[in-house]
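Here the structure comes first, spelled out in structure tokens, and everything after it is commentary.
In what follows, chains are A, B, ... by sequence order, proteins preceding strands, each numbered from 1.
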Amino acid sequence: MPELPEVETIARNLREGRLGLQVPGQKIADISNDWRRQIAMPDWESFHEQLCGQTILDVQRRGKYLVFPCSKGTLLIHLRMSGDILLADHHQPAGGHEHTIFYFADGWSMRFSNTRKFGRVFYTTNPAAIYDKLGPEPLGDIFTANWFYSRLSRRKRKIKPLMMDQSFLAGMGNIYTDEALHRAHIHPERNADTLSFKEAETLWQYIRETLEEGIQRQGASIDWIYRGGDFQNAFQVYHRTGLPCPTCGTAIERILVGQRSTHFCPACQPETVP
DNA sequence: AGCGTCACCCGGACGC
DNA sequence: TGCGTCCGGGTGACGC
């Protein structure tokens, strides 16, 4: 479930050396892979041949992608739900879920651990083709209240799946969407075009506040994946089915919206359009 | 084009 | 205890 704040935290940790090694400046000496489908593009042989010898120049984030600009092209990693990036000594044996390992020239290695095999690795000289399929960054300048309202007003889809559509807005996942909708007092099944400007503006504000708080807390640690973050302690609705709403005390309900588990307060987030 | 549904995976929770 | 079954998470393919 790495969403924008979790991916941002991992990018910062790798960039700034908080995991014991600064990744920018590292030269890729070799790469191993024991599950070919993890390499989304190009084919494994080309991936290996083209990337070996390149130096990683930076670690960035776009949407939920980790972006590693290299000397000749760009390496991208999408963690999907159970992915993580580990740094370890060259000689440490591969863990059972470390399907792609980048061996650096100085003796360290960067490992893509991916328990449920949903994550994907990309190498391209044209990352813009990937970025072009994504909506704006929720914390960027393009995403304004006016932009949000004008786009919402053209869509009939339910607000929650639309917020999670990466081609609409890049970075929201199930957790931060449920939390932002609760803070904005908007029911997850409202049709997007029924939101007033005021509601859209409020939701816009809480999307940004929720993500910023998530980043400040270094993301959420849930299930067995612990990354050091503690946003899980700030959840008001997510994974709190039956517990009292922190705002009004009403029991939090869980429903399915677009096949996704959805948590909301029936009192704070009424379904009827005001 | 927009929208909904399903497959992809597997560790953990749950039921018996 | 051990076994079987279900669940969930993000995304792309697919159908309407």
Nearest listed nucleotide, side chain of A:H97, among B:dC8, C:dG12, B:dG11: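 That would be B:dG11.
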
Residue A:E3, side-chain atoms from C-beta onward, closest of C:dG12, C:dC7, C:dG10: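 The answer is C:dG10.
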
Between CH2 on residue A:W108 and NE2 on residue A:H90, distance to nearest 0.5 Å: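 Here the interatomic distance stands at 11.5 Å.
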
Base B:dC10 to side chain A:R116, donor-acceptor N/O within 3.5 Å cut-off: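 By the distance-only test, yes, there is a pair.
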
[X] side chain near [N] phosphate (N/O to OP1/OP2, under 4.0 Å):
X      : N      : value
A:H78  : C:dT11 : yes
A:K64  : C:dT11 : yes
A:H239 : C:dG9  : yes

Test: A:R157 and A:D193 ion pair at under 4.0 Å: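 Salt bridge flag = no for A:D193 with A:R157.
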
Pair A:D178 + A:K160: basic N to acidic O under 4.0 Å: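 Yes, this pair counts.
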
Heavy-atom pair with the smallest gap, counting every atom of A:P270 and A:H185: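 Between these two residues, the closest heavy atoms are CD-O, 4.5 Å.
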
Does [X] reach the main-chain N or O of [Y] with its side chain, forming a donor-acceptor pair under 3.5 Å?
X      : Y      : result
A:T210 : A:I207 : no
A:E179 : A:F235 : no
A:Q26  : A:I56  : no

Pairs flagged by salt bridge (charged side-chain N to carboxylate O under 4.0 Å, His left out) wherever residues 59-70 of chain A is involved - sequence neighbours left out: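 Salt bridge (charged side-chain N to carboxylate O under 4.0 Å, His left out) check on residues 59-70 of chain A returns A:E8-A:R61, A:R61-A:E137, A:R62-A:E137.
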
Partners passing ring-ring contact (aromatic ring centres under 6.0 Å, His included) against A:Y131 (at least two apart in sequence or in another chain):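 Partners of A:Y131 under the ring-ring contact (aromatic ring centres under 6.0 Å, His included) test: none.
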
With sequence neighbours excluded, residues passing ring-ring contact (aromatic ring centres under 6.0 Å, His included) with A:H97: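 So A:H97 forms no ring-ring contact (aromatic ring centres under 6.0 Å, His included) with any residue.
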
Distance check needed: [N] [atom2] versus [X] [atom1], whole Å only.
X      : N      : atom1 : atom2 : answer
A:E189 : B:dG4  : CD    : C1'   : 13 Å
A:R120 : C:dA13 : CZ    : P     : 11 Å
A:R80  : C:dG10 : CZ    : P     : 10 Å
A:D84  : B:dG11 : CG    : C1'   : 16 Å
A:R62  : C:dT11 : CZ    : P     : 12 Å
A:L79  : C:dG9  : CG    : C1'   : 13 Å
A:L134 : C:dG10 : CG    : P     : 15 Å
A:L76  : C:dG10 : CG    : P     : 19 Å

Test item: side-chain donor near acceptor, A:D230 and A:Q218, under 3.5 Å: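 Judged by distance alone, the side chains do not pair up.
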
Contact list for DNA chain B against residues 153-171 of chain A - heavy-atom distance below 4.0 Å: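 Result for residues 153-171 of chain A: A:R155, A:K156, A:R157, sorted by number.
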
What N/O pairs connect the protein and nucleotides 14-16 of chain C at under 3.5 Å? Give each pair on its own line.
none

A:Y176-A:Y238 aromatic ring centre distance below 6.0 Å: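 No.
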
Ring-base stacking, A:F118 with C:dG10 (5.5 Å, 30° cut-offs):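 It does: the ring sits over the base of C:dG10.
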
DNA chain C contacts among residues 256-263 of chain A, heavy-atom distance under 4.0 Å: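 Within this stretch, A:R260, A:S261 sit under 4.0 Å of the strand.
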
